[in-house]
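The structure under discussion appears below in the form of structure tokens.
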Amino acid sequence: MAEAALSSVAKPAAQGDSREKVLRRFELGDQAFHVLTKTCAIAVLLLLGGVIFSLIHGSIPALQKFGFGFLTSQAWNPVTENFGAAPAIYGTLVTSIIALAIAVPLGLGIAVFLTELCPYTLRRPIGIAVELLAGIPSIIYGIWGMFILAPFLQEHVQPAIIATFANVPLLNQLFSGPPYGIGIATAGLILSIMILPLISSISRDVFETVPTVLKESAFGIGCTRWEVIRNIVAPYTGVGLVGGIMLALGRALGETMAVTFVIGNAHKIAPSILGPGTTISATIANEFTEADGAIYTSSLITLGLLLFIITFIVLSISRLLLMRIESQGAR
Amino acid sequence: MSALQAARKTRSAVAMGLCVASAGVGLIALAFILAALFWNGFSGLNLKVFTEMTPPPGSSGGLLNAIVGSLIMTFFGVLIGAPLGMFAGTYMAEYGRNSKLTTVVRFINDILLSAPSIVIGLFVYEITVVQMGHFSAIAGSIALALLVVPVVVRTTEDMLNLVPGSLREAATALGMPRSLVIRHVAYKAARAGLITGLLLAVARVSGETAPLLFTALNNQFWSTKLDAPMASLPVVIFQFALSPYKEWQALAWAGALIITLAVLTLSITARVLGAQRTSK
């Protein structure tokens with residue numbers, strides 16, 4: 001033991017060396033880790049750049065052939081290799097608008113219910129259930145729509161709608177034709193059910209940023225519950241609500257599987273929303289693996305590029321608005 | 001005066017009634033979907049689903065190759081995507097908390113988080129399938145990895161931001177280098193949160209269909225080769241549900257039930273883990 005103690009004292013120089021070595025190793029490891037994490041952060045940026053670049057690269061042949069006429073053309077003929085994006089863009093926008101028209105009022109209602117009306121013991125369970133439903137894969141909504149909702153609409157709902165509006169001008173155009181079951185309206189309905197949990201949970205979170213003191217003081221001067229929501233909660237959370245709705249719109253625009261099953265895949269713009277149509281994502285999902293020929297594939301990639309540009313703009317606006325409400329909440 | 005008061009009260013009651021009604025309608029619609037899923041799913045579910053391969057049209061069989069294919073591609077997707085996302089999130093929370101790069105990456109990441117997955121599929125098709133000349137499980141895994149990254153980046157950054165700065169200061173005062181502070185103190189303090197993020201990422205990708213359609217394609221037979229097309233549960237559901245055969249449709253429902261149960265289990269586990277962390 002004594003010898004061991006002696007020997008360790010006898011090598012002070014060696015010990016100093018190893019200390020230096022260890023320190024240098026730490027320094028190197030430190031720098032390596034810093035560089036590694038920074039590289040990964042930059043890789044996320046490159047990812048987005050790569051997506052945009054590859055989509056543009058893939059769409060060059062179609063854009064060279066059709067030019068900007070691609071956006072307005074209604075043609076979709078694989079045999080003559082003549083393609084246009086108008087029906088798909090139209091279908092994407094109309095299904096998303098239908099989805100928002102149904103899901104926004106319902107979602108806001110659910111959020112108000114959860115923050116203002118629901119008994120305390122039920123708030124957490126219902127809130128959690130809504131959040132869990134937001135995570136269910138969209139293909140589930142799709143097959144439910146195809147097997148259950150579409151036949152139900154075809155037999156019971158659509159004939160009644162067509163008969164009701166048969167003699168009303170304008171509306172009889174909107175709701176005309178045979179009841180297919182599948183079609184633009186059905187796809188919009190499925191989308192609305194799919195984005196409902198998302199809208200509800202975001203609006204609930206946004207509503208909860210309102211300081212209780214503000215609401216209490218409004219109640220204190222005799223406001224009814226509706227007046228508090230209308231005049232205190234709504235103005236305070238307006239920006240965040242719009243952000244949440246835009247986020248849901250982004251989801252609805254890009255949603256593929258919930259729509260593909262029930263849209264009918266028809267490349268035409270029909271005045272009736274009950275008829276079959278198509279969306280950008282449904283077209284890509286249905287036709288991409290079967291597409292032969294450079295122009296066909298390139299046209300589908302161009303559709304993907306359009307979808308990406310549209311959702312990018314919508315999601316950017318949504319993110320900027322939600323960032324504003326977050327900084328408000330931190331204040 | 002009292003007439004006005006009565007009108008205000010009525011208006012409030014009507015508005016609140018509408019809110020309750022919308023909650024009822026929304027919850028009932030979602031309950032209908034779950035009920036139909038469980039009803040049809042359980043009636044299509046039997047032992048053969050887990051032991052046999054996907055059948056040819058018109059005969060019975062199982063989903064074994066699709067289930068295994070989904071597991072393999074999800075595993076490799078997470079294996080590629082999770083470290084990338086975790087390191088990126090680490091940079092944002094630890095090294096560059098207030099830097100411009102972090103702000104930009106966070107913004108882009110949030111957009112990628114909600115970007116249409118079918119576009120990610122097109123991107124992966126361009127960079128792998130076109131280069132390799134054929135569809136493959138590798139391409140599918142990369143597509144899933146790209147969907148894992150934004151989820152993991154987001155949760156890693158959020159969770160590391162919750163770790164108290166005094167913990168890091170204490171470790172640094174003991175002479176620990178920065179990278180060790182991060183790996184041995186910050187990661188450990190945020191461990192439950194990081195695992196939650198990972199589980200959420202797995203839940204997110206396990207139901208993804210669109211990006212697999214033209215990367216991994218599909219395969220009717222047993223295959224574990226990574227450079228060949230591979231079956232996956234969502235794609236098989238997609239194909240079988242659209243078919244006219246009763247046996248295939250029953251299998252599609254059974255597969256849908258399996259996916260939903262898996263996703264629900266993952267997200268509930270993630271939630272329980274997250275709750276433990278906050279209650280501590």
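Here the structure is a predicted model, which is why all the values come from computation and not from measurement. Note that these values count all heavy atoms, side chains included, but never hydrogens, waters or copies made by symmetry. Numbers restart at 1 for each chain; the letters A, B, ... are given by sequence-line order, proteins then strands.
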Query - Rounded distance (nearest 0.5 Å) linking atom OG1 of Thr279(A) with atom CD1 of Ile118(B) - result: 8.0 Å

Requested in this report: Please indicate whether Arg97(B) has more than 12 foreign heavy atoms, meaning atoms of other residues, nucleotides or ligands, lying under 6.0 Å from its CZ.
Outcome: yes

Requested in this report: Considering only heavy atoms and a distance below 4.5 Å, find which of Val124(B), Asp110(B), Leu213(B) pairs most often with chain A.
Outcome: Asp110(B)

Query raised in the report: Looking at CD1 of Ile148(A) and CG of Asn40(B), how far apart are the two atoms once the value is rounded to the nearest 0.5 Å?
Result: 5.0 Å

Query raised in the report: How are the rings of Phe238(B) and Phe261(A) set to each other: parallel, tilted or perpendicular (split at 30° and 60°)?
Result: perpendicular

Requested in this report: Might you confirm whether atom CZ of Arg8(B) has over 12 heavy atoms from other residues, nucleotides or ligands at distances under 6.0 Å?
Outcome: yes

Requested in this report: Could you please spell out the steps behind the side-chain contact (heavy atoms from CB on, under 4.5 Å) verdict for Trp144(A) and Leu37(B)?
Outcome: CA-CA 7 Å; Trp144(A) 180 77; Leu37(B) 175 68; over 6 Å; no

**Report entry** Separation of Gln249(B) CD from Met146(A) CE (nearest 0.5 Å)
**Finding:** 6.5 Å

Query raised in the report: Does atom CZ of Phe219(A) have more than 12 heavy-atom neighbours, drawn from other residues, nucleotides or ligands, at distances under 6.0 Å?
Result: yes

Query - Note, Leu132(A) side chain near Leu264(B) side chain (heavy atom, < 4.5 Å) - result: yes

Query raised in the report: Highest number of heavy-atom pairs under 4.5 Å with chain B: which of Val130(A), Leu196(A), Ile128(A)?
Result: Ile128(A)

**Report entry** Side chain proximity check, Leu122(B) to Phe308(A), heavy atoms < 4.5 angstrom
**Finding:** no

Requested in this report: Can you see which heavy atom on Ser22(B) is nearest to which on Gly109(A), and at what distance?
Outcome: OG-CA, 3.2 Å

Report task. Please tell me if the side chains of Thr37(A) and Glu94(B) come closer than 4.5 Å, counting only heavy atoms from C-beta onward. Result -> no

Query raised in the report: Using a cut-off of under 4.5 Å for heavy-atom pairs, which of Glu116(A), Glu27(A), Arg225(A) has the most such pairs with chain B?
Result: Arg225(A)

**Report entry** Shortest non-hydrogen contact between Cys40(A) and Phe87(B), atoms and distance
**Finding:** SG-CB, 3.5 Å

Report summary line: With chain A, the option among Leu34(B), Thr260(B), Leu266(B), Leu30(B) that has the most non-hydrogen atom pairs under 4.5 Å is Leu30(B)

Query raised in the report: Shortest non-hydrogen contact from Ala88(B) to Val44(A)?
Result: CB-CG2, 4.0 Å

Query - Over 12 foreign heavy atoms within 6.0 Å of NE2, His57(A) - result: no

Query - Nearest atoms (heavy-atom pairs only) where Val263(B) meets Gly135(A) - result: CG1-O, 3.5 Å

Query raised in the report: Which atoms of Leu101(B) come close to chain A, meaning under 4.5 Å heavy atom to heavy atom: side chain ones, backbone ones, both, or neither?
Result: side chain

Report summary line: chain A shares the most heavy-atom pairs under 4.5 Å, among Gly89(B), Ser179(B), Ala36(B), Ser117(B), with Ser179(B)

Requested in this report: Taking the side chain as every heavy atom from C-beta outward, state whether Thr256(A) and Thr209(B) have any atom pair closer than 4.5 Å.
Outcome: no

Report summary line: Between the CG atom in Leu117(A) and the CE atom in Met16(B), the distance rounded to the nearest 0.5 Å is 5.5 Å

Report summary line: OG of Ser54(A) to OH of Tyr125(B), rounded to nearest 0.5 Å, is 12.0 Å

Query - Contact winner vs chain B - Gly254(A), Gly145(A), Ser316(A), heavy-atom pairs under 4.5 Å - result: Ser316(A)

**Report entry** Contact leader toward chain A among Leu242(B), Ile127(B), Val153(B), Leu113(B), where contacts are heavy-atom pairs under 4.5 Å
**Finding:** Leu242(B)

Report summary line: In this structure, CD of Glu131(A) is separated from OG of Ser267(B) (nearest 0.5 Å) by 10.5 Å

**Report entry** Best-contacting candidate, Tyr91(B), Phe32(B), Phe214(B), against chain A by heavy atom pairs under 4.5 angstrom
**Finding:** Tyr91(B)

Query raised in the report: Are the side chain of Ser12(B) and the backbone of Trp226(A) linked by a donor-acceptor contact shorter than 3.5 Å?
Result: yes

Report task. Find the one option among Arg183(B), Lys9(B), Glu126(B) whose heavy-atom pairs under 4.5 Å with chain A are most numerous. Result -> Glu126(B)

